[in-house]
Amino acid sequence: MKPEASVPSNFIRQVIQADLESGRYEGRVVTRFPPEPNGYLHIGHAKSICLNFGFAEEFGGTCHLRFDDTNPLKENVSYVDSIKEDVKWLGFDWDVHLYFASDYFDRFYDYAIDLIKTGKAYVDSLTPEEIRSYRGTLTEPGKESPYRHRTVEENLELFQKMAAGKFDEGECVLRAKIDMAAPNIIMRDPTLYRIRKRPHHRTGDKWCIYPMYDFAHCLSDSIERITHSICTLEFENNRELYDWILDTLDIYHPRQIEFARLNLSYTILSKRKLIELVEGGYVDGWNDPRMPTISGFRRRGYTPEAIRNFCERIGVAKRDSMVDLALLEHCIREDLNKRAPRFMGVLRPLKVVIENYPADKVETLEAINNPEDQSMGTRNIPFSREFYIEKDDFMETPPKKFFRLAPGREVRLRYAYFITCTDFIKDEQGEVVELRCTYDPQTRGGDSPDGRKVKSTLHWVSATHAIDAEVRLYNDLFTVEEPVSAEDFKAVLNKDSLEILHGAKLEPALADLEIGKQCQFERLGYFCKDVKYSTSDHSVFNRIVTLRDQWAKVKKQQGANERK
RNA sequence: UGAGGGUUGGUCUAGUGGCAAGACGACGGGUUCUGGCCCCGUUAACACAGGUUCGAAUCCUGUACCCUCAGCCA
């Protein structure tokens with residue numbers, strides 16, 4: 001697929017193009033998405049997935065899905081499964097290129113032996129604390145371990161014993177012999193292997209030594225003949241080591257390119273913190289619709305197209321940035337506007353009785369399924385004397401710019417009639433509980449023959465025909481734009497991030513909407529039938545995103561003025 | 001105070017020596033049987049200071065500020 005003319009270039013594409021022109025990798029483009037299976041994928045990973053699979057596709061190359069499973073303490077198969085599902089759902093296909101770093105453990109071991117034999121690695125018996133203090137600081141050089149000058153034979157023997165389980169965890173490690181005074185701390189004899197007497201989810205009990213990221217990653221890239229190893233900025237310092245290992249071993253050498261990870265306003269994109277939300281019970285699992293995980297967005301009702309489009313629009317660069325959540329919302333609205341069928345649903349019902357409409361009469365009215373797409377056709381909606389409208393659509397004493405229903409005012413019921421409010425009934429608490437109206441029979445279908453205008457159109461649902469539903473309204477999970485910079489991110493969780501409405505009234509056609517499918521509730525927003533809690537006789541809808549709302553802005557503005 | 005990166009409207013991203021562009025947002029208007037969509041318009045940026053040049057966001061020098069690194073995590 002060729003990039004759209006409107007898609008701006010970026011520095012990674014330029015590097016790839018330059019390599020293609022110079023013939024550096026014989027015209028090949030091979031990328032990889034290398035998740036560690038220790039958590040669920042989030043929208044930040046989606047950016048990386050789109051980049052890696054996107055470039056491969058753009059240049060006729062391939063992209064590998066490779067699990068970076070080098071730490072048995074944190075990883076497990078359930079994460080492997082969820083990651084595969086999420087990548088697939090996003091619309092990408094790794095074809096036969098599914099790999100695991102753990103499949104290379106034998107080769108890693110051989111490379112480690114090579115390093116030892118050439119005097120470039122040694123077994124260190126310092127304690128973890130000693131290693132830390134020997135490392136020096138950012139401004140002071142470190143000092144060499146007393147074990148640094150063990151002979152090749154001794155190192156070989158010790159390393160083999162490590163692998164054979166002769167040492168306890170923490171007793172020794174394999175280190176690269178580079179330079180304890182290196183200005184880049186990463187290069188001060190980095191650890192290559194550590195002892196972990198834990199079974200691995202794929203290799204079982206075969207190994208009790210496991211390679212560190214820096215050792216495993218560059219070797220995996222090299223083994224798979226990756227051309228462009230695209231990763232995030234925090235690995236910039238590690239590139240020197242990536243290059244050192246491959247150069248020292250004198251093996252195939254991909255190019256590492258770093259980009260800035262995604263930050264999204266009002267959300268958190270840190271696996272560790274997301275795990276905390278899940279395990280602390282702050283959310284309803286990894287796929288809670290408020291979570292910025294791929295599975296959370298999926299359950300919420302986002303489409304893969306919207307997320308991919310978002311990833312394209314945010315671009316890619318090296319500077320730290322904070323993308324406005326409004327852009328993501330724009331992307332899903334844009335996609336669903338074209339595709340989602342429209343329905344009428346009343347979230348907070350207010351009963352209306354048409355006094356001059358026969359009590360036993362029921363009419364069938366025709367409604368358009370999607371004004372953006374005539375091919376989606378029409379459907380029938382029942383209309384009768386009693387129906388529900390949105391509580392928000394009536395005000396006893398309307399402020400300026402409120403165009404909806406009020407005493408004495410005429411509005412249109414979508415696809416139905418013009419009605420005029422003649423009276424309203426309040427309960428003991430003074431809350432309006434019922435409206436009495438009259439209708440104009442001449443306006444059937446929503447147009448008046450005399451050409452008179454109304455200032456607004458309301459959605460409605462016939463009382464006797466309505467189906468009941470539970471509707472879940474989601475708001476930002478956090479109250480501040482940058483939750484990570486809060487002293488405790490859990491303290492800035494939005495208490496109103498989920499609002500559950502039990503008495504919603506929906507038009508009957510919604511009973512047939514497939515679970516998991518998106519639709520628009522006219523004038524309110526996009527919703528989808530929740531896959532977790534919906535059953536055949538109990539509908540639960542998730543609000544994906546509201547429609548843009550001019551009135552909400554005006555109301556907010558008016559509120560602000562009053563407070564002044 | 002070491003090393004590696006970075007700095008273009010409110011936000012994100014182009015621009016690679018020759019008119020600072022696009023998207024989102026905000027604001028205003030048009031249209032409308034969704035206060036939606038769509039359309040039109042407005043707003044608003046090259047961190048700073050020098051230098052090179054006919055000409056600098058772009059090249060050079062310096063300064064400021066921001067990010068990353070002292071895991072046997074990735």
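Every chain is numbered from 1, with letters handed out A, B, ... down the list of sequences. Just so you know, these numbers come straight off a predicted model, no measurement behind them.
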What distance, rounded to whole Å, do you find between the two [atom1] atoms, one in [N] and one in [M]?
N	M	atom1	value
B:G9	B:A26	C1'	12 Å
B:U43	B:U32	C1'	26 Å
B:A45	B:G30	C1'	29 Å
B:G5	B:C72	C1'	27 Å
B:G55	B:C67	P	38 Å
B:A14	B:U8	P	11 Å
B:C48	B:A64	P	16 Å
B:G15	B:G51	C1'	23 Å

Looking at [N], I'd like to know if its phosphate oxygens (OP1 or OP2) sit under 4.0 Å from a side-chain N or O belonging to [X].
X	N	answer
A:Thr70	B:A74	yes
A:Lys553	B:C27	yes
A:Gln14	B:G15	yes
A:Arg132	B:G71	yes
A:His330	B:C24	yes
A:Gln550	B:G36	yes

Proximity to the side chain of [X] - top-ranked nucleotide from [options]:
X	options	result
A:Asn71	B:A23, B:C73, B:G6	B:C73
A:Arg319	B:A74, B:G15, B:U8	B:U8
A:Ile185	B:C69, B:U34, B:C12	B:C69
A:Ile186	B:C24, B:C69, B:C72	B:C69
A:Arg523	B:U34, B:U13, B:G6	B:U34
A:Leu138	B:G25, B:G15, B:C69	B:C69
A:Arg342	B:G36, B:U13, B:G35	B:G36
A:Arg548	B:C24, B:G36, B:G35	B:G36
A:Arg194	B:C72, B:G4, B:G36	B:C72
A:Arg239	B:G35, B:G5, B:G25	B:G5

Identify whether NZ of Lys or CZ of Arg in A:Arg202 sits under 6.0 Å from the centre of the six-membered ring of A:Phe100 and within 45° of that ring's axis.
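The answer is yes, since A:Arg202 meets both limits relative to A:Phe100.
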Give a yes-or-no answer on whether the side chains of A:Thr137 and A:Glu140 include a donor-acceptor pair shorter than 3.5 Å.
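Yes.
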With a 3.5 Å cut-off and no angle check, do the side chains of A:Arg150 and A:Ser125 form a donor-acceptor pair?
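The criterion, which ignores hydrogens and geometry beyond distance, is satisfied for A:Ser125 and A:Arg150.
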Taking A:Leu115 as the fixed residue, which of A:Phe159, A:Phe215, A:Tyr122 is the one that meets the side chain to side chain contact (heavy atoms under 4.5 Å, CB included) rule?
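For A:Leu115, the side chain to side chain contact (heavy atoms under 4.5 Å, CB included) check succeeds only for A:Phe215.
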Is the centre of the A:Phe541 ring less than 6.0 Å from the centre of the A:Phe527 ring?
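They do not qualify: ring centres at least 6.0 Å apart.
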Which part of the nucleic acid does [X] contact within heavy-atom distance under 4.0 Å: base, sugar-phosphate only, or nothing?
X	value
A:Asn237	base
A:Pro371	base
A:Arg313	sugar-phosphate
A:Ile314	sugar-phosphate
A:Leu458	nothing
A:Leu126	base
A:Met187	nothing
A:Asn337	base
A:Ser265	nothing

If you assign each of A:Pro34 and A:Tyr415 to its closest nucleotide in RNA chain B, which residue comes earlier from the 5' end?
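Here A:Tyr415 is the residue nearer the 5' end.
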Nearest-nucleotide wise, let me know which of A:Arg135 and A:Leu233 is further upstream toward the 5' end of RNA chain B.
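Mapping each residue to its closest nucleotide by heavy atoms, the 5'-most match is A:Leu233.
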Taking atom types as they are modelled, would you say the side chain of A:Glu140 forms a donor-acceptor pair with the base of B:U1 within the 3.5 Å cutoff?
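Counting by modelled atom types and ignoring angles, no donor-acceptor contact under 3.5 Å is found here.
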Mark yes or no for a side-chain to base donor-acceptor pair under 3.5 Å between A:Glu234 and B:G4, with no hydrogen or angle criteria applied.
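In this structure, the two groups form no donor-acceptor pair.
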Heavy atoms only: give me the nearest A:Glu258-A:Phe11 pair and the separation to one decimal.
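Heavy atoms only, the tightest pair is O-CZ, 3.2 Å.
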Both distances under 3.5 Å, Watson-Crick or G-U wobble: report the partner of [N], or none.
N	result
B:A14	none
B:C19	none
B:U63	B:A47
B:U58	none
B:A3	B:U68
B:U52	none
B:C37	none
B:U42	B:A26

Could you please spell out the steps behind the side chain to side chain contact (heavy atoms under 4.5 Å, CB included) verdict for A:Leu510 and A:Phe521?
CA-CA 10 Å; A:Leu510 245 9; A:Phe521 289 179; 3.7 Å; yes
Syn or anti for B:G41 (syn when the glycosidic angle lies within 90° of 0):
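Base orientation relative to the sugar is anti.
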With sequence neighbours left out, what residues match A:Tyr439 under ring pair (Phe, Tyr, Trp, His ring centres under 6.0 Å)?
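Checked A:Tyr439 against ring pair (Phe, Tyr, Trp, His ring centres under 6.0 Å); matches are A:Tyr357, A:Tyr417.
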May I ask you to decide if the ring planes of A:Trp207 and A:Tyr109 are parallel, tilted or perpendicular, using 30° and 60° as cut-offs?
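The arrangement is tilted - the two ring planes meet at 30° to 60°.
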